[in-house]
2 protein chains.
Amino acid sequence: MNIGDVAKRIDMPVKTIRYYEDIGLISPLRDTNGYRVFRETDMHKLAFLGRARALGFSIEDCRTLMALYEDETRASADVKQLAQEHLKQIEDKIAQLQSMQATLTELVHACAGDNRPDCPILKDLASG
Amino acid sequence: MNIGDVAKRIDMPVKTIRYYEDIGLISPLRDTNGYRVFRETDMHKLAFLGRARALGFSIEDCRTLMALYEDETRASADVKQLAQEHLKQIEDKIAQLQSMQATLTELVHACAGDNRPDCPILKDLASG
DNA sequence: CCTTGACCTTCCAGTGACTGGAGACCTTAT
DNA sequence: ATAAGGTCTCCAGTCACTGGAAGGTCAAGG
């Protein structure tokens, strides 16, 4: 399998796949012409990475998760802890965004949005 | 006012203030020794920037907002539109994070978290 | 006057996770 | 033979800072 076909199959940009090789997440073989050759295991790893990234795990977390996946003697507690820490970060981020959302929603509602210059949004930004 | 005092007063890192000058958001004066000298208007702008950034506006949005703030003939509609677009991005981001949160919460609950290797989190990542 | 320590200056490099583009090579179809 | 499209490597840019090095300045204490 060439990189383009893999990209279509896994639905991941070619550039990203090359990047993942660069940083050592995958190690596809090479054809005599220098083209990357992807085995089933490579595609499996890429799919794994795609799903972990879609859940917001960082690349370093993904690296750890893959290592745990390949380690038959892992403790599920290690995976769970990683996931829980990540979950907490997500929850913190949600809370932060919701606070912004609340303030912004209020300000947007208070603003007439016509062609007069008077604007509560700017007023708030200017004076806290 | 020197940069360090401003940093304390506005509660913004010295580095960030210098960066904001670099990209042309503020233009403090200079003393004979080369030190930056901040006037009230500079600090006012920095406070404005701090609040806009805290609401998640990008630097470019902040630039636009400051320009609108200084333009006495602005239409509040322009400010409102910018804020609404930003609000929508925040809401999209919240939705995306909540979807991650839902999946992760489920997976974390399903995982025993003991020292056996069996782990639903890894299973999900491996097979979608 | 000298030193010490806390400021201040500029400039360069790194962060995370890609993304875009240049220039060159390879393959496939016409 | 040629053209289109796929692949290669390498370099630079994104965003909004952040860290660090190397050096100039200032105020206080001895």
Side-chain angles (χ1 to χ4, degrees), chain A residues 1-38 42-43 45-46 48-66 82 85-86 89-90 93 96-97 100, chain B residues 1-38 42-43 45-66 85-86 89-90 93 96-97 100:
Chain A
M1 267 271 210
N2 279 356
I3 197 167
D5 301 318
V6 175
K8 264 170 225 147
R9 197 133 128 188
I10 311 287
D11 192 27
M12 179 182 279
V14 165
K15 282 273 190 185
T16 300
I17 299 174
R18 280 200 274 254
Y19 173 68
Y20 286 171
E21 184 189 13
D22 262 15
I23 62 175
L25 287 176
I26 53 167
S27 301
L29 302 174
R30 293 292 178 135
D31 208 339
T32 47
N33 59 11
Y35 285 22
R36 288 167 184 81
V37 177
F38 293 82
D42 298 314
M43 291 189 282
K45 280 186 189 183
L46 286 171
F48 185 101
L49 287 168
R51 281 187 285 264
R53 293 286 301 127
L55 286 179
F57 285 104
S58 73
I59 290 287
E60 283 318 302
D61 280 353
C62 289
R63 203 188 292 280
T64 305
L65 287 169
M66 287 224 315
L82 189 58
E85 279 163 18
H86 177 50
Q89 284 180 15
I90 286 177
K93 188 77 192 170
Q96 189 196 345
L97 288 170
M100 291 179 187
Chain B
M1 268 271 215
N2 279 355
I3 198 167
D5 301 318
V6 175
K8 265 171 223 144
R9 199 136 127 190
I10 310 287
D11 192 29
M12 178 182 279
V14 165
K15 281 273 190 187
T16 301
I17 298 175
R18 280 200 274 256
Y19 173 68
Y20 286 172
E21 183 189 12
D22 262 14
I23 62 174
L25 287 175
I26 53 167
S27 301
L29 301 173
R30 293 293 177 135
D31 208 338
T32 46
N33 57 14
Y35 286 21
R36 287 168 184 81
V37 177
F38 294 82
D42 296 315
M43 291 190 283
K45 280 186 188 181
L46 287 172
F48 184 102
L49 288 168
R51 282 187 285 265
R53 293 288 299 129
L55 286 179
F57 285 103
S58 73
I59 290 287
E60 284 317 302
D61 280 353
C62 290
R63 204 188 291 280
T64 305
L65 286 169
M66 287 226 312
E85 279 164 18
H86 177 50
Q89 283 182 15
I90 286 178
K93 188 76 192 168
Q96 188 195 345
L97 287 171
M100 292 178 186

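Chain identifiers are assigned alphabetically (A, B, ...) following the order of the sequence lines, protein sequences preceding nucleic acid strands; residue numbering begins at 1 within each chain. The analysis underlying the following values was restricted to heavy atoms, covering all of them including side chains, and did not include hydrogens, waters or symmetry mates. Remember, it's a predicted structure, so these values are computed and weren't measured experimentally.
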*Return the minimal non-hydrogen interatomic distance between A:Ile17 and A:Met12, and the atom names on each side.*
CG1-SD, 3.8 Å
*Working to the nearest 0.5 Å, report the span between CG of A:Leu49 and OG1 of A:Thr16.*
11.0 Å
*When you check the phosphate oxygens OP1 and OP2 of C:dC25, does a side-chain N or O of A:Tyr35 lie under 4.0 Å from one of them?*
no
_First encountered from the 5' end of DNA chain C, between B:Lys8 and B:Glu21_ = B:Lys8
*From A:Lys8 NZ over to A:Ile3 CD1, what is the distance, rounded to the nearest 0.5 angstrom?*
12.0 Å
*Choose from C:dT19, C:dT27, C:dT9 the nucleotide whose nearest atom is closest to any side-chain atom of A:Asn33.*
C:dT27
_Of the options C:dT9, C:dT19, C:dA17, whose atoms approach the side-chain atoms of B:Arg18 most closely?_
C:dT9
_Salt bridge check, B:Glu21 against B:Arg18: does any charged N sit closer than 4.0 Å to a carboxylate O?_
no
*What is the 5' to 3' range of DNA chain D, first to last nucleotide, that sits under 4.0 Å from any heavy atom of chain B?*
D:dA16 to D:dC26
_Angle between the end axes of the helix from C:dC1-D:dG30 to C:dT30-D:dA1, five pairs per end, to the nearest 10 degrees?_
30°
*With DNA chain D as reference, determine whether B:Thr32 or B:Glu60 sits nearer its 5' end, using the nearest nucleotide of each.*
B:Glu60
_Integer-rounded Å distance: C:dC18 C1' and A:Ile17 CD1_ = 13 Å
*Residue A:Arg53, side-chain atoms from C-beta onward, closest of C:dT9, C:dG20, C:dA17*: C:dA17
*Counting distance only, does the side-chain N/O of A:His86 pair as donor-acceptor with the main-chain N or O of A:Asp61 below 3.5 Å?*
no
*Specify the closest pair of heavy atoms between A:Arg53 and A:Cys62, including all atoms of both residues, with the distance to one decimal.*
CD-SG, 3.8 Å
*Look up atom NZ in A:Lys93 and atom CD1 in A:Ile90, then write down how far apart they are to the nearest 0.5 Å.*
11.5 Å
*To the nearest Å, how far apart are A:Asp22 CG and C:dT19 C1'?*
13 Å
*Select base, sugar-phosphate, or nothing to describe what A:Tyr20 touches, counting heavy atoms under 4.0 Å on all strands.*
sugar-phosphate
_Euclidean distance, B:Tyr19 OH relative to B:Ile26 CD1, rounded to 0.5 Å_ = 12.5 Å
_If you compare all heavy atoms of A:Arg36 against all heavy atoms of A:Asn2, which two are closest, and at what distance to 0.1 Å?_
O-OD1, 3.7 Å
*asked:* Does a side-chain N or O of B:Arg36 approach OP1 or OP2 of C:dT10 to a distance below 4.0 Å, or not?
replied: yes
*asked:* Base, sugar-phosphate or nothing for B:Ile3? Non-hydrogen atoms, less than 4.0 Å.
replied: sugar-phosphate
*Which whole-number value in Å describes the distance from B:Lys15 NZ to C:dT15 C1'?*
14 Å
